[in-house]
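Comments concern the structure below.
None of the values given here were measured: they were computed from a predicted structure.
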Amino acid sequence: MNRSIPLLRKGSAAFVLLALAALPAWSQPAPAEPAPSGAAAAAPVLSELDARVVDAQDAWRKRDRPRLVAQRDALVAARHPLAGWADYWALNARLNEATQEELNAFWARWPGSYVEDRLRNDWLLELGRRRDWRNFAAEYPRFRMNDDREVGCYHLLLRHQAGEEVREAALRHWQAQREADDGCALLAASLLAAGRFTPAEVWQRARQSAEAGRPRPLRQAVALLPDAPADRSVTEAYEQPQRFLTRAAAAAGRPPAELVLIALVRLAAGDPAAAAQALQTQWQAQLPGEAQAWAWAALAKQAAWKLLPEADAWFQQAAALSAPGQPGRAMTWSDDTLAWRARAALRAPDAQRWQRVLDAIQAMGAVPQADPTWVYWKARALQALAGDGPQGDARRVAAQVLFERIAGQYHFYGKLAAEALGRTQPLPSRPAALTPAERRAVDEHPGLGRALALIALGLRSEGVREWNYSLRDLNERELLAAAQSACDREIWDRCIHTSERTRLEVDMAQRFPMPMRASVQAAAAQAGLDPAYVYGLIRQESRFVADARSGAGASGLMQVMPATARWTARRLGVPFTQEMITDRDTNLRIGTAYLKFVLDDFGGSPALASAAYNAGPNRPRRWREGPVLEVAAWAENIPFNETRDYVKKVLSNASYYSALMKGESAVQLGAWLGPPVGPRPPEATPENRELP
């Protein structure tokens, strides 16, 4: 790898100074007094001011305004390059009492910076809550990121008030909100009052919220309706569905159909079979046709998520009720429900399953249909449904077109598509070497320099956001140069993330770096693992951030959980304390050993072992029960979104690392998939139930 600058430990004095040196001279702080001799002489010139930045962030987090203001004033006076962040924290902490004039002054102090746009996002939300539409209308066009859905809802409300037709965009924004918020609720209420939303669409939002297990947006949606049922009834249907259904069945009058649907879907979340029995024997005859279809689809989705064999049949029943005589042709379910219909069909044993896969995908919206996952499976369905001879040519050609569409893309399904076409995916040629001018332009970029300085100070979250914002307007060569700058500084997560943004010039050495190669290979060899598999897993787990720590407590390069680390250390007979988990070699030793334990327990299947490493071994033991499936179909049916994505990416990563480490010009995924996945063979060794 081209190393045009020294490799320095993140957080070290030299690293901080190097990052700050990338900023323009006018933004540098004033020189400090000469340091005294002796031990104190090793302290960096900026150490005191850098400590003020860290303390300012801590004061903001703890809402200690006096301390925060004092640190901000000192940093601004010293013209520290990160003073804008302290200024942002200070104003953000009192945003509910700030004035437009104060915000205008802030924009003028930090024009074009990330903190300017970040605070504008915060301020637009505050203006929306204040119903200050005049200032909102003035500020919104200057919001560059424009990635906040609630801000988008406020903006659509303004357009609606101005007489524009915003119904479809407003419906998409509102239904896409995961949690209840003021902006989208206000937009929905306004469009409902104006007759642009219907009560049926409000109930659809309530249904989707109940199905997803989100009570707040459920209650918020129901409360919009003028004839809304009592809140206690909604709460009981959601929180105590069996009790609600029992009471409703015994009551004299007919309960609201929508509350019955909410109770059924919540019951299905815990016991799909009980919900199906209640629907079949008690409630189906009392529900309108559309509600019957939705209920069966919602129950089928829960069954599919639990990998129950009944899921596919229930989806077929729902499809028949949706469009009598034309099953699957008029489905108006959510894209997520349709995705689970396709997954359930992939698990079915009959030859007609491919028609059901195709029906589900074709009923999706344009965005999910364009996702490589569903491009691939649609192509597979068309391929399977193509008849022999000339009558099947149209479908075979359509399948080939879809495979070609994604075969050159560097992901799991891109490689599977290439292999479906009978070829391997070639590795791209490395781009031309970066010129000194290209490297210098990145080194002088203020936003990237601030990002490096923040990361060096341990403010990784802020540094990552500043870095990503700074990439917005870079062209491909500039992205390559920025990625290389991060690679050279061993900030591997930004190196990979930045390099992955290029489309025409692809540098696989940046996208799939191999830091600590000797240590990784040694640990892999000691554990009996392919180093390409270890690299593929680390890339997905931590992006090579040695001190990474997840919200669940996993730590280090291989993101090892505390209990797993202790158990593995005991099995290895090595001394271990929790403080050792972020030590590079210790983490690699324990992580690779545990990976080998799970790989052996799952018969050498990289897919099952990857799932076990991410979700624990007990879950993939359950997930493998049922029909024997090709690995791609099994992986696509993993219930957890995170683990499903994880398994596919680890296998894809490993295939690239294998090709790169062997110096091959093409990559093959098939060798990494392993045999089909099904129940544990009777002749296999017993499960290692001690595995944490």
Side-chain angles (χ1 to χ4, degrees), residues 1-3 7 372 406-419 424-434 467 471 476 479-524 529-546 548 557-559 584 588 591-592 595 606-607 610 613-614 645-673:
M1 184 179 294
N2 179 13
R3 303 186 186 280
L7 296 182
I406 62 171
Q409 297 174 10
Y410 303 110
H411 49 62
F412 183 81
Y413 282 116
K415 287 185 286 298
L416 284 182
E419 292 172 18
T424 55
Q425 187 185 78
L427 292 177
S429 300
R430 191 161 191 179
L434 295 163
W467 181 275
L471 301 180
E476 296 239 330
L479 287 169
L480 288 174
Q484 194 59 49
S485 176
C487 293
D488 290 345
R489 291 167 170 82
E490 297 186 342
I491 308 176
W492 300 111
D493 62 328
R494 292 308 91 201
C495 164
I496 295 167
H497 170 82
T498 307
S499 190
E500 285 184 330
R501 294 171 69 99
T502 65
R503 293 295 174 264
L504 301 177
E505 298 199 54
V506 176
D507 190 336
M508 298 301 279
Q510 289 180 346
R511 294 192 182 194
F512 296 91
M514 288 179 258
M516 304 160 287
R517 187 162 181 172
S519 296
V520 171
Q521 289 182 315
L529 294 170
D530 189 322
Y533 185 36
V534 176
Y535 263 124
L537 185 137
I538 296 175
R539 185 183 188 273
Q540 190 59 28
E541 282 286 353
S542 67
R543 286 291 198 265
F544 305 102
V545 178
L557 289 169
M558 297 192 70
Q559 289 291 277
R584 182 189 68 186
L588 284 171
T592 53
L595 180 58
S610 299
Y613 195 94
N614 179 260
D645 182 66
Y646 178 93
V647 169
K648 291 186 287 189
K649 285 183 176 175
V650 168
L651 298 179
S652 179
N653 292 348
S655 69
Y656 283 120
Y657 275 115
S658 180
L660 291 168
M661 295 178 83
K662 294 175 182 176
E664 296 172 345
S665 60
V667 62
Q668 297 186 54
L669 180 61
W672 286 94
L673 298 182

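Here the straight-line distance linking atom CG of Leu529 with atom CG of Leu595 works out to 5.0 Å at 0.5 Å rounding. Put simply, CG on Leu480 and CD on Glu505 are 5.5 Å apart, with the number rounded to the nearest 0.5 Å. Distance check: Arg511 CZ to Tyr656 OH gives 8.5 Å after rounding to the nearest 0.5 Å. Atoms NZ and NE2, on Lys415 and His411 in that order, are 8.0 Å from each other to the nearest 0.5 Å. Put simply, CG on Leu669 and OG1 on Thr424 are 12.0 Å apart, with the number rounded to the nearest 0.5 Å. Separation of atoms CG (Asn653) and CD1 (Ile538) is listed at 11.0 Å; rounding is to 0.5 Å.
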- Query: Between Gln540 and Lys648, does a side chain to side chain contact (heavy atoms under 4.5 Å, CB included) hold up when you go through it step by step?
  - Reply: CA-CA 10 Å; Gln540 190 59 28; Lys648 291 186 287 189; over 6 Å; no
- Message: One pair to check against side chain to side chain contact (heavy atoms under 4.5 Å, CB included): Leu471 and His497. What are the steps and the verdict?
- Response: CA-CA 10 Å; Leu471 301 180; His497 170 82; 4.0 Å; yes
- Please report the C-alpha distance between Tyr613 and Val650 in whole Å, then the side-chain angles of each, then the deciding distance to 0.1 Å, and finally whether the side chain to side chain contact (heavy atoms under 4.5 Å, CB included) criterion is met. CA-CA 11 Å; Tyr613 195 94; Val650 168; over 6 Å; no
- Message: Please determine whether side chain to side chain contact (heavy atoms under 4.5 Å, CB included) holds for the pair Met516 and Leu557, giving the CA-CA distance in whole Å, both sets of side-chain angles, and the decisive distance to 0.1 Å.
- Response: CA-CA 11 Å; Met516 304 160 287; Leu557 289 169; 3.7 Å; yes
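The backbone N or O of Glu476 sits nowhere less than 3.5 Å from a side-chain atom of Arg503 that would complete a donor-acceptor pair. In this structure a side-chain-to-backbone donor-acceptor pair under 3.5 Å is missing from Tyr535 to Pro513. Looking at Gln425, its side chain does come within 3.5 Å of a backbone N or O of Ala407 through a donor-acceptor pair.
The heavy-atom pair separating Leu660 from Leu427 by the smallest distance is CD2-CD1, 4.0 Å. Contact between Ser542 and Ala548 at its shortest, heavy atoms only, is CB-CB, 4.2 Å. Nearest approach of Pro606 to Tyr533, heavy atoms of both residues: O-OH, 3.1 Å. Listed here is the closest heavy atom pair of Met661 and Gln521: CE-NE2, 3.5 Å. Between Thr498 and Trp467, the closest heavy-atom pair is OG1-NE1, 2.8 Å. Contact record, Thr592 with Leu588: OG1-O, 2.6 Å, taken as the closest heavy-atom pair.
By the 4.0 Å N-to-carboxylate-O rule, Glu500 lies too far from Lys649 to be salt-bridged with it.
The shortest side-chain heavy-atom distance between Tyr410 and Pro428 falls under the 4.5 Å cut-off.
A donor atom on one side chain and an acceptor atom on the other are found under 3.5 Å apart for Gln484 and Gln510. Of the N and O atoms on the side chains of Glu541 and Tyr646, at least one donor lies less than 3.5 Å from an acceptor on the other residue. A donor and an acceptor atom, one from each side chain of Tyr413 and Ser652, are nowhere located under 3.5 Å apart.
If you run side chain to side chain contact (heavy atoms under 4.5 Å, CB included) between Trp492 and each of Arg489, Glu490, Arg494, only Glu490 comes through.
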